[in-house]
K.L.:
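Below is the structure I would like to discuss, written out as structure tokens.
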2 protein chains.
Amino acid sequence: MVETSKRAYAGVAADDRRTQRRERLLLAALELFTARGYQQTKIVDLCTAAGVSTRNFYEEFQAKEQLLLILHGRINAQAMHRVAARLDEVADADARTRISTLLDVFIGSVTADPRLPRLNYVEAVGVSADLERQHQEWVRRWADFIEAEARRAAAQGDAPDRDYRLTAFALVGAITGLLREWQAHEPPLEAAEIATEIRELMFAAITRPA
Amino acid sequence: MVETSKRAYAGVAADDRRTQRRERLLLAALELFTARGYQQTKIVDLCTAAGVSTRNFYEEFQAKEQLLLILHGRINAQAMHRVAARLDEVADADARTRISTLLDVFIGSVTADPRLPRLNYVEAVGVSADLERQHQEWVRRWADFIEAEARRAAAQGDAPDRDYRLTAFALVGAITGLLREWQAHEPPLEAAEIATEIRELMFAAITRPA
DNA sequence: ATAATCTGACAAGGCCGATTACCACTTTGT
DNA sequence: ACAAAGTGGTAATCGGCCTTGTCAGATTAT
């Protein structure tokens with residue numbers, strides 16, 4: 001498809017320049033998709049903002065949707081990576097501590113930049129079947145995560161022993177909904193209050209009598 | 001813009017035929033938007049499915065988006081109307097009964113046809129600024145509703161006296177998330193189980209200690 | 001220095017779909 | 001029955017934007 005370049009150019013290896021262009025295009029996509037909307041963003045706009053030519057665009061990506069898929073995946077993957085890493089550090093803490101940690105890290109990761117929840121919970125919705133599949137896959141993973149914590153709490157006697165599948169889905173929805181609201185609400189909501197609300201809600205949901 | 005017709009035609013008043021065409025177009029829109037996706041649905045597709053000409057389309061609507069706005073508004077309005085009516089019937093019941101009623105009616109109304117949640121929670125997301133505004137407006141109304149029930153529960157001593165604003169938003173998100181999952185999940189989820197989960201979650205969220 | 005190679009800007013081609021002009025046909029009032 | 005008015009389908013127009021071809025200039029190896 002794209003020929004591999006043979007030699008360095010402008011002092012930088014060709015591959016390096018290509019990855020730089022990729023990143024600049026992804027950056028521009030995050031900015032424009034969330035500012036004007038995904039549909040409203042034209043490929044020329046992306047290229048102008050990224051400082052590359054339309055020709056370059058097609059050397060790196062097949063279509064606009066690919067940018068959205070990559071960004072959506074990255075945002076989720078980065079958040080999950082951070083959460084998992086942090087949870088490892090509190091491996092043998094009690095349920096309440098672990099759940100608090102999980103949520104603080106997640107909310108912190110996604111509210112660091114308002115464009116992140118905007119992209120994931122607004123712009124990336126209903127775009128294509130592929131994107132819907134990817135969304136569902138991530139919802140499943142997050143639900144697995146929450147379910148595992150609930151089971152852990154149950155094993156420690158802090159929660160009843162029951163099926164937490166739907167509870168996990170509901171909690172993912174609650175988080176998503178609050179973050180979608182957060183990035184659009186006027187006047188602005190406090191990220192810290194969102195985190196508190198979610199923490200209390202999740203704790204109540206898990207410890208409620210079966 | 002559109003001239004008012006002066007006299008009856010084909011045995012039916014012109015206005016009647018127009019409203020019939022409107023309804024057929026809206027029906028076709030609900031079907032096609034949820035089956036192929038909003039963006040993928042072309043105006044000619046709508047006209048073919050509804051059995052009207054493209055000419056007729058522009059006599060009734062300014063643009064495709066208007067159909068989406070109307071459908072989105074209708075689905076919400078109808079659900080809210082049913083919920084409100086039903087809640088009036090149990091005006092002096094206890095908090096638990098009222099919340100159960102609220103949720104059963106709502107979930108029942110929206111899961112009666114899988115296309116409804118699909119349209120409202122997938123296809124109508126991130127389409128335009130107008131639609132986002134309308135979405136936010138409905139989220140606000142539903143949150144008001146839930147908040148009012150929570151306050152009522154607090155007044156009856158069934159829940160602590162605190163600020164329920166964020167809890168209400170979170171619960172709207174939980175419902176939305178579960179319904180979005182419901183309409184896409186393979187194998188299918190049971191609407192009744194969704195209703196149960198939401199009921200217990202909401203009850204736990206409201207009665208949790210402040 | 002020069003040929004070979006690579007790069008990026010520009011613009012033209014081409015497609016798709018929204019919008020409207022036209023016109024043949026149907027219905028109604030006299 | 002006939003003229004006036006209303007109607008709806010077809011097809012042509014129009015514009016936007018994705019996609020790729022071209023070419024002049026920059027860079028490198030010999």
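The model shown is predicted, which means the values in this text are computed figures rather than measured ones.
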K.L.:
Can you figure out which of dT20(C), dC10(C), dG9(D) approaches the side chain of Tyr58(B) most closely?
P.N.:
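The answer is dT20(C), which lies nearest to the side chain.
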K.L.:
To the nearest angstrom, how far is Gln39(A) atom CD from dC16(C) atom C1'?
P.N.:
14 Å
K.L.:
Roughly, in whole Å, what's the span from CG in Leu67(B) to C1' in dA18(C)?
P.N.:
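Whole-Å distance recorded here is 14 Å.
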K.L.:
Pair Glu147(B), Arg162(B) - check salt bridge (Lys or Arg N to Asp or Glu O under 4.0 Å), show working.
P.N.:
CA-CA 11 Å; Glu147(B) 200 182 356; Arg162(B) 64 174 181 90; over 6 Å; no
K.L.:
In terms of relative ring orientation, are Phe106(B) and Trp142(B) parallel, tilted or perpendicular, with 30° and 60° separating the classes?
P.N.:
perpendicular
K.L.:
I need the CG-P distance between Asn56(B) and dT19(C), as an integer number of Å.
P.N.:
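Taking atom P of dT19(C) as the reference, CG of Asn56(B) is at 15 Å.
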K.L.:
Round to the nearest Å and state the distance from Phe57(B) atom CZ to dG17(C) atom P.
P.N.:
15 Å
K.L.:
Do any side-chain nitrogens or oxygens of Arg17(B) fall under 4.0 Å of OP1 or OP2 in dT7(D)?
P.N.:
yes
K.L.:
Could you tell me whether the phosphate oxygens of dG8(D), OP1 or OP2, come under 4.0 Å of any side-chain nitrogen or oxygen in Ser53(B)?
P.N.:
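Ser53(B) to dG8(D) OP1/OP2: no side-chain N or O under 4.0 Å.
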K.L.:
Of Arg55(A) and Val44(A), whose nearest nucleotide on DNA chain D comes first from the 5' end?
P.N.:
Val44(A)
K.L.:
Below the 4.0 Å mark, does dT7(C) have OP1 or OP2 next to a side-chain nitrogen or oxygen of Arg21(A)?
P.N.:
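No.
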K.L.:
By nearest atom, which of the nucleotides dT19(C), dT7(D), dC18(D) is closest to the Ile43(A) side chain?
P.N.:
dC18(D)
K.L.:
Between P on dT19(C) and CD on Glu65(B), what's the gap in Å once rounded to a whole number?
P.N.:
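From Glu65(B) CD to dT19(C) P: 12 Å.
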K.L.:
In terms of side-chain heavy atoms of Thr54(B), which of dA11(D), dC18(D), dA9(C) is nearest?
P.N.:
dA11(D)
K.L.:
Can you measure Gln40(B) atom CD to dC16(C) atom P for me and round it to whole angstrom units?
P.N.:
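Answer to the nearest Å: 15 Å.
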K.L.:
Closest heavy-atom contact between Thr34(A) and Glu123(A)?
P.N.:
CA-CG, 4.4 Å
K.L.:
Give the rounded distance in Å between these two atoms: CD of Glu60(A) and P of dT19(D).
P.N.:
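After rounding, the gap between these two atoms is 15 Å.
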K.L.:
With a 6.0 Å cut-off (strictly less than), is the heavy-atom count around NE2 of His81(B), excluding the residue itself, greater than 12?
P.N.:
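Open: at most 12 neighbouring heavy atoms sit under 6.0 Å from NE2 of His81(B).
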K.L.:
Can you tell me the distance, in whole Å, between the NZ atom of Lys42(B) and the C1' atom of dG16(D)?
P.N.:
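It works out to 13 Å between those atoms.
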K.L.:
Establish, for the pair Arg141(B) and Phe145(B), whether the NZ or CZ atom is under 6.0 angstrom from the six-membered ring centre and no further than 45 degrees off its axis.
P.N.:
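Checked: cation-pi criterion not met.
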